[in-house]
Amino acid sequence: MTTASKPRVRFAPSPTGYLHVGGARTAIFNWLFARHEGGTFILRIEDTDVERNKPELVDGILESLRWLGVDWDEGPVFQSQRLEVYPAAADALLANGSAYLCYCAPEKYAGGDHAEVEEVEEAEEAEGKKPLKKQRCGCRHLDEAGRKAAEAQAAEQGFQPAIRFRVPETGTTAFDDAVFGKREVQNAEIEDFVLLRSPKAGQTARLPTYHLACVVDDIEMRITHVIRGADHLSNTPKQALIYRGLGAAPPVFAHVPLILGPDKTRMSKRHGATSVGSYIEEGFLPEAFRNFLTLLGWSAGDDAQFLRTAELLERFSLAGVSRTNAIFDRPKLEWFNTQYLQKLPVEDLAPHVEAELKRAKIWREVWAGAERDWFLRTIDLTRPRTRLLPDFSTWARGFFSDDFFYDGAAMEKFWKDAKLPALMEKLTAGYAALTEWNHDACDKVLRDLAAAEGIKAGLLINATRVAIVGQAVAPPLFDTMVAIGKERIVARLRRALPAIAAKTSS
RNA sequence: GGCGCUAUGGUGCAACGGUUAGCACGCGGCCCUUUCAAGGCCGAAAUGCGGGUUCGAUUCCCGCUAGCGCUACCA
């Protein structure tokens, strides 16, 4: 057989914030691709910007990835721990003429507004002149004398030169993209970007910019496919140029479309929850969340929606990635969650419910042991009506704990009838006297009473539901009674009596 | 402003020159029903606009428009 080398991919988040849903999807695509192809998935932390990094955020990012079920084979590799390799690459580029020293003051270009350059451009435009492109720095053409002078002046001002890439003035730069196809751009449109930043006053650290660090690491890690957000599409020619300058073969790029908010603008805090962490907190199931995210910008080629892990791994392909931005549709995410809540084998759901009950401090160890069957059956009984994990400790609380509240709206709705106090007293007595506690027996007691009293069974059913679980909504009543047990049901009915009397008389 | 990318119902995807333009979410209705879900059935809803190419365009080409991205010594 041919020894086609296995792909190596990486996910490279920057610890400047939490793990964003867009980043999560990029991670998932990388992971699915690696697993599908039998390749290697590497995690790399791009933390070369000391001012923006927050090292404490790394743990949160790793935790979110683990929650998603995205596991990595190598890393995490921190760029900040291998800063010595980047200057070496920049120097090599300098040595072979692919780059040059730039003595301009960092302030001239630095900062989001890069005021100085823009001011000049605006002034020129106002004068009706063709805007002079700022892309070719004068330092590119310095002769030895000029260089010396610039160096002296820079030293005087307290900084050392930066290293810029010498982009060809003419011609084009091309690269392959597995999603967008062959790309080719005019070199004249690419500015002489910085590879190595000029050391700040008083510092000697020679820090790389994103493009350099990224390419150097991708080469060293032998990355074969760079799968990342489409916001990098426009930057890719620069990286292609670096590969060439370094004499390395570029990888296959695969840019995936962005995830937008409902207003079609980039997902941001304005759109509510954008971090994976907030969805964990809300109680979404990881597999549901991942299934939803995977279908944003990708399809298996048919109408498949519900794709569990194994199917995703089997069917994922870069060929299925679309080129159009997708909107994060929360209702669909919720639909996926309810689907998983219902279709997951109960054994797979149980750990999540356990975690939720522990969080709510109503977990009992017997449910992991002697009463495991009861626990699983009760999950099965309650789950059709749950939407998020916390529903198990709130809405379904009465199944797991005696410590629950009567829902106000439920009391208003079902404890109105003035006949109820007397009826419920008789019903309670009937249940207390019941020797066989099962669905049909419970059903018979209630219906017999309703018939004897000439009322509709629904009146008792609805009132009883509120009395035993505190909610207007619950699984079928008699199943609920069986699950909770005679002793507790009778106790709960007795406890509710005064409350029902108070409610109906008011 | 410049450069680039994209364009199928409200949303996510399918149809990759020939289909009554399909599926799912959401929405409306009906069924089921002790509540509310789930489930089943039915329905409304789309090829941005204008030119080409072709016997035939959702599909290929061009223009327009719109949206998004990039345009930092951030990633």
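What you see below is based on every heavy atom in this structure, not just the backbone, and it leaves out hydrogens, waters and symmetry mates. To find a chain, count down the sequence lines: A is the first, B the second, and so on, and within it residues start at 1.
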Practice prompt. Remember a base hit wins even if backbone is also touched, and classify Pro262(A) as base, sugar-phosphate or nothing at under 4.0 Å, heavy atoms.
Written response: nothing
Worksheet item: Base, sugar-phosphate, or nothing for Ala457(A), non-hydrogen atoms under 4.0 angstrom?
Response: nothing
Item to complete: Counting heavy atoms from C-beta on, name the nucleotide in U34(B), C13(B), A75(B) closest to the side chain of Asp49(A).
Response: A75(B)
Practice prompt. For the side chain of Ala162(A), starting at C-beta, report the closest nucleotide among C68(B), A14(B), C73(B).
Written response: C73(B)
Practice prompt. Write down the partner of C23(B) under the Watson-Crick or G-U wobble criteria, each distance required to be under 3.5 Å.
Written response: G12(B)
Practice prompt. Between C68(B), A75(B), U71(B), spot the one nearest the side chain of Glu191(A), thanks.
Written response: U71(B)
Fill in: Side chain of Phe414(A) - closest among U35(B), A38(B), U6(B)
U35(B)
Item to complete: For the pair Arg44(A) and Asp217(A), find out whether any cationic side-chain nitrogen is under 4.0 Å from an anionic carboxylate oxygen.
Response: yes
Discussion item. Under 3.5 Å, is there any donor-acceptor pair linking the side chain of Ser234(A) to the base of C3(B)?
Written reply: no
Worksheet item: Is any NZ, NE, NH1 or NH2 atom of the basic residue among Lys413(A) and Asp407(A) found under 4.0 Å from an Asp or Glu carboxylate oxygen of the other?
Response: no
Discussion item. Could you identify the nucleotide paired to A44(B), looking across every strand shown and requiring Watson-Crick or G-U wobble geometry with both distances under 3.5 Å?
Written reply: none
Worksheet item: Reckon Gly301(A) touches a base, only the sugar-phosphate, or nothing at all at heavy-atom distances under 4.0 Å?
Response: sugar-phosphate
Worksheet, complete the sentence: Using Watson-Crick geometry (N1-N3 plus N6-O4 or O6-N4) or G-U wobble (N1-O2, O6-N3), each under 3.5 Å, C36(B) is paired with none
Worksheet, complete the sentence: Considering only heavy side-chain atoms of Lys332(A), the closest of A24(B), G69(B), U35(B) is A24(B)
Discussion item. Set out, in order, the CA-CA distance, both residues' side-chain angles and the distance that settles side chain to side chain donor-acceptor pair (under 3.5 Å) for Tyr86(A) and Thr48(A), then state yes or no.
Written reply: CA-CA 10 Å; Tyr86(A) 311 114; Thr48(A) 56; over 6 Å; no
Worksheet, complete the sentence: Of A75(B), G69(B), C36(B), the nucleotide closest to the side chain of Lys413(A) is C36(B)
Discussion item. With hydrogens left out and only the distance checked, is there a donor-acceptor pair under 3.5 Å joining Arg385(A)'s side chain and the base of C36(B)?
Written reply: yes
Worksheet item: Does any nucleotide pair with U53(B) by Watson-Crick or G-U wobble geometry, both distances under 3.5 Å, and what is it?
Response: none
Worksheet item: Rounded to whole angstroms, how far apart are CD1 on Ile327(A) and P on A7(B)?
Response: 14 Å
Practice prompt. Take atom CG of Leu195(A) and atom P of C74(B), then tell me their distance rounded to the nearest Å.
Written response: 12 Å
Worksheet item: With sugar-phosphate meaning primed atoms plus P, OP1 and OP2, does Asn235(A) contact a base, only sugar-phosphate, or nothing at under 4.0 Å between heavy atoms?
Response: base
Item to complete: Considering only atom P, compute the distance from A24(B) to A38(B) and round it to an integer number of Å.
Response: 15 Å
Worksheet entry | N/O donor-acceptor pair, side chain Asp303(A) with base G22(B), under 3.5 angstrom | yes
Fill in: NZ/NE/NH1/NH2 to OD/OE distance under 4.0 Å, Arg330(A) and Glu282(A)
yes
Worksheet item: Can we say Asp443(A) and Arg447(A) salt-bridge, meaning some charged N sits less than 4.0 Å from an Asp/Glu carboxylate O?
Response: yes
Worksheet item: In whole angstroms, how far is the P atom of G69(B) from the CD1 atom of Ile259(A)?
Response: 14 Å
Response to the item:
The nucleotide from U34(B), U6(B), C68(B) with an atom nearest the side chain of Phe180(A) is U6(B)
Discussion item. From the set G4(B), C68(B), U35(B), return the single nucleotide nearest to any side-chain atom of Thr265(A).
Written reply: C68(B)
Worksheet item: Are OP1 or OP2 of C70(B) and a side-chain N or O of Gln239(A) less than 4.0 angstrom apart?
Response: no
Worksheet item: For atom P, what is the distance between C41(B) and C25(B), given to the nearest Å?
Response: 11 Å
Response to the item:
Side-chain contact check for Arg52(A): nearest option of C3(B), G12(B), C74(B) is C74(B)
Worksheet, complete the sentence: Closest of U11(B), C73(B), G69(B) to the Asp329(A) side chain is U11(B)
Item to complete: Mind telling me whether Tyr279(A) and Phe328(A) have parallel, tilted or perpendicular rings, with 30° and 60° as the class edges?
Response: tilted
Item to complete: Write down the distance separating the C1' atoms in U8(B) and A21(B), rounded off to the nearest Å.
Response: 8 Å
Worksheet item: Is a side-chain donor-acceptor pair under 3.5 Å present for Gln186(A) with Thr172(A)?
Response: no
Item to complete: May I ask you to evaluate whether Arg183(A) reaches the phosphate of G4(B), defined as a side-chain N or O under 4.0 Å from OP1 or OP2?
Response: no
Item to complete: Could you check how far CZ of Phe328(A) sits from P of G26(B), rounded to whole Å?
Response: 15 Å
Fill in: Complementary nucleotide for G67(B) - Watson-Crick or wobble, under 3.5 Å
C5(B)
